[in-house]
*Asks:* 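Here you go, one structure.
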Protein chains: 2
Amino acid sequence: MKQSTSTQDYLKHIYELTECGLPASTNDMARKLNIKPASVTGMIQKLATEKPALVEYQKHQGVTLTPAGRRAALEVIRHHRLLETWLVQTLGYSWDEVHEEAERLEHVISEDFERRIAAALGNPARDPHGELIPTADLKMPEDDSTPLSALRPNQTATIQRVIAQDPNLLRHLESLGLTPGIQIEIMEYSPFDNNLTVKVGRKVNVLGLNITTKIFVEIK
Amino acid sequence: MKQSTSTQDYLKHIYELTECGLPASTNDMARKLNIKPASVTGMIQKLATEKPALVEYQKHQGVTLTPAGRRAALEVIRHHRLLETWLVQTLGYSWDEVHEEAERLEHVISEDFERRIAAALGNPARDPHGELIPTADLKMPEDDSTPLSALRPNQTATIQRVIAQDPNLLRHLESLGLTPGIQIEIMEYSPFDNNLTVKVGRKVNVLGLNITTKIFVEIK
DNA sequence: CGTAAAATTTAGGTAAGGCTAAATATATTT
DNA sequence: AAATATATTTAGCCTTACCTAAATTTTACG
């Protein structure tokens with residue numbers, strides 16, 4: 001029942017790649033996991049033939065999670081997000097420093113440890129990036145946020161989550177004041193390059209698609 | 001420079017087995033690591049031929065640490081003991097619950113994490129069992145304690161450390177009040193079975209060698 | 001529709017770190 | 001000192017999870 005670190009990483013990444021509803025491709029997996037596509041094929045074939053199958057796999061058709069695989073993925077994601085929250089809150093990590101550390105810890109903490117930090121943090125709903133934390137019974141809460149890239153002038157919104165692990169990007173966003181909970185207002189939209197001019201506090205910034213697709217907001 | 005979990009475990013156990021000054025035998029290692037003696041031989045041969053050799057090894061003569069191996073071992077031991085301290089102090093673990101969790105975490109935390117918990121704890125000198133924590137520059141502090149088994153009637157002492165990981169033993173000791181910092185007084189000594197009658201607070205207990213060799217004290 | 005490009009899979013190999021069984025050293029006993 | 005017992009090592013094998021190179025799909029396009 002307890003998977004290897006490697007298996008847990010595969011399941012977590014399949015979960016993330018299939019959130020859009022489509023199967024995860026071998027190539028995308030390889031890129032995300034930083035290993036060769038041939039290795040992905042091999043591993044996925046193994047995961048598909050485990051006793052309770054963890055993934056659904058048809059040659060050349062990509063891979064999806066079975067219910068058992070999804071539970072295992074959510075367990076790891078819960079560990080990761082609780083750990084990030086806890087590193088920030090109790091050890092003073094900043095939001096750009098936590099990912100790497102949580103990436104290693106997530107595979108080795110016990111269920112007891114998980115319960116203890118969840119309780120110590122007051123069972124938080126979101127991690128420092130605003131990502132939703134799967135519940136203790138491994139359900140992923142509904143997310144009703146919209147990508148910032150979909151907003152248009154005169155709309156007002158609150159930043160809910162930021163999808164990024166790259167420390168440089170995170171530090172950049174923080175320097176712009178673009179962090180969860182912050183209010184923003186759309187000033188302009190440029191249809192050719194999809195740039196949005198956004199007011200944050202009293203500052204105004206022009207943001208490209210690269211940024212606006214990674215910030216999710218709740219429209220006022 | 002960064003070793004595998006397995007290598008770190010070998011080095012840690014060699015450190016512990018050679019604290020008495022003698023090389024660690026293949027059999028003792030196998031028993032401590034819970035693997036077969038043949039596997040130990042193989043692994044030790046590998047450790048002896050690493051680029052900076054981690055162990056000194058002569059066939060049939062047991063194994064000792066090189067300076068590089070000792071540093072690596074102390075690093076892991078520092079992680080372990082800081083983690084135990086921190087699990088107890090910040091997450092409410094009891095001293096019999098921490099060992100297993102620290103055993104897994106010690107291999108994956110970063111140097112940054114180590115520094116942060118050390119600072120948060122105020123650079124503690126000892127872990128919850130009273131064991132000395134190697135310093136940040138990887139020196140093991142001198143220990144001047146005496147095994148309780150060496151005391152005789154009318155001597156008074158303070159418990160300094162308890163060498164045990166078994167949760168049942170630890171819970172038993174706690175129920176007897178035998179924890180670090182506690183004052184004790186020797187009432188009687190039985191030369192045939194080496195039992196000591198010890199006064200702890202207002203309670204008196206008769207302790208066998210199995211216990212008295214695992215408790216180290218500072219004589220008043 | 002056929003071909004080139006891109007994606008995927010197969011086949012065979014490697015490094016870690018375990019295991020068992022058999023061989024060899026060392027230690028103990030008589 | 002021989003004989004047995006115990007400890008250790010060697011040899012050969014297994015699993016996990018990766019890799020490269022070659023074969024095969026699938027997709028995309030002229």
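Lettering of chains follows the sequences in order, A, B, ..., and the numbering in each one begins at 1.
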*Asks:* Given A:Met29, which partner from the list A:Leu33, A:Thr26, A:Asn27 fulfils the side-chain contact (heavy atoms from CB on, under 4.5 Å) test?
*Replies:* A:Leu33

*Asks:* Mind running a 4.0 Å heavy-atom check of residues 50-62 of chain A against DNA chain D and sending the residues that fall below it, in number order?
*Replies:* A:His60

*Asks:* Please work out which residues in residues 31-39 of chain B have a non-hydrogen atom less than 4.0 Å from an atom of DNA chain D and list them by number.
*Replies:* B:Pro37, B:Ala38

*Asks:* Want to settle it: does A:Lys46 or B:Ser25 sit nearer the 5' end of DNA chain D, counting the closest nucleotide to each?
*Replies:* B:Ser25

*Asks:* Rounding to an integer number of Å, can you tell me how far B:Ile44 CD1 sits from C:dA16 C1'?
*Replies:* 16 Å

*Asks:* How long is the line joining CE of B:Met43 and C1' of C:dC19, in whole Å?
*Replies:* 15 Å

*Asks:* Hey, does the side chain of B:Asn27 come within less than 4.0 Å of D:dT8's phosphate (OP1/OP2), counting only N and O?
*Replies:* yes

*Asks:* Answer with yes or no whether the side chains of B:Asp9 and B:His107 bring together a donor and an acceptor at under 3.5 Å.
*Replies:* yes

*Asks:* Applying the side-chain contact (heavy atoms from CB on, under 4.5 Å) test to B:Leu173, which of B:Ile215, B:Ile159, B:Thr179 qualifies?
*Replies:* B:Ile215

*Asks:* Would you say a side-chain N or O of A:Ser4 is under 4.0 Å from OP1 or OP2 of D:dA17?
*Replies:* yes

*Asks:* If I take atom CD in residue B:Gln45 and atom C1' in nucleotide D:dT10, what distance separates them, rounded to the nearest angstrom?
*Replies:* 9 Å

*Asks:* So among B:Glu114, B:Lys12, B:Glu84, B:Glu106, which one has a side-chain hydrogen bond (donor to acceptor under 3.5 Å, both in side chains) with B:His79?
*Replies:* B:Glu114

*Asks:* Quick check: does any side chain N or O of A:Glu101 sit under 3.5 Å from a backbone N or O of B:Ser110, one acting as donor and the other as acceptor?
*Replies:* yes

*Asks:* Quick one: A:Asp9 CG to D:dA17 P, roughly how many Å, whole number?
*Replies:* 11 Å

*Asks:* Between B:Leu47 (CG) and D:dT9 (P), how many Å, whole number?
*Replies:* 13 Å

*Asks:* Does a side-chain N or O of A:Thr41 approach OP1 or OP2 of C:dT10 to a distance below 4.0 Å, or not?
*Replies:* no

*Asks:* Does any N or O in the side chain of A:Arg81 come within less than 3.5 Å of the main-chain N or O of A:Pro134, such that one atom is a donor and the other an acceptor?
*Replies:* no

*Asks:* Starting at atom CD of B:Gln3, determine the distance to atom C1' of C:dG17, rounded to an integer number of angstrom.
*Replies:* 16 Å

*Asks:* Between the main-chain N or O of B:Asn168 and the side-chain N or O of B:Asp166, is there a donor-acceptor pair closer than 3.5 Å?
*Replies:* yes

*Asks:* Scan B:Thr26 against the nucleic acid and name what it touches under 4.0 Å (heavy atoms): base, sugar-phosphate only, or nothing.
*Replies:* sugar-phosphate

*Asks:* Between A:Thr66 and A:Ala53, is there a donor-acceptor pair closer than 3.5 Å when you use the side chain of the first and the backbone of the second?
*Replies:* yes

*Asks:* Measuring to OP1 and OP2 of D:dT16, would you say a side-chain N or O of A:Ser6 lies under 4.0 angstrom away?
*Replies:* no

*Asks:* Pick out which of A:Arg126, A:Arg161, A:Lys214 makes a salt bridge (charged side-chain N to carboxylate O under 4.0 Å, His left out) with A:Glu131.
*Replies:* A:Arg161

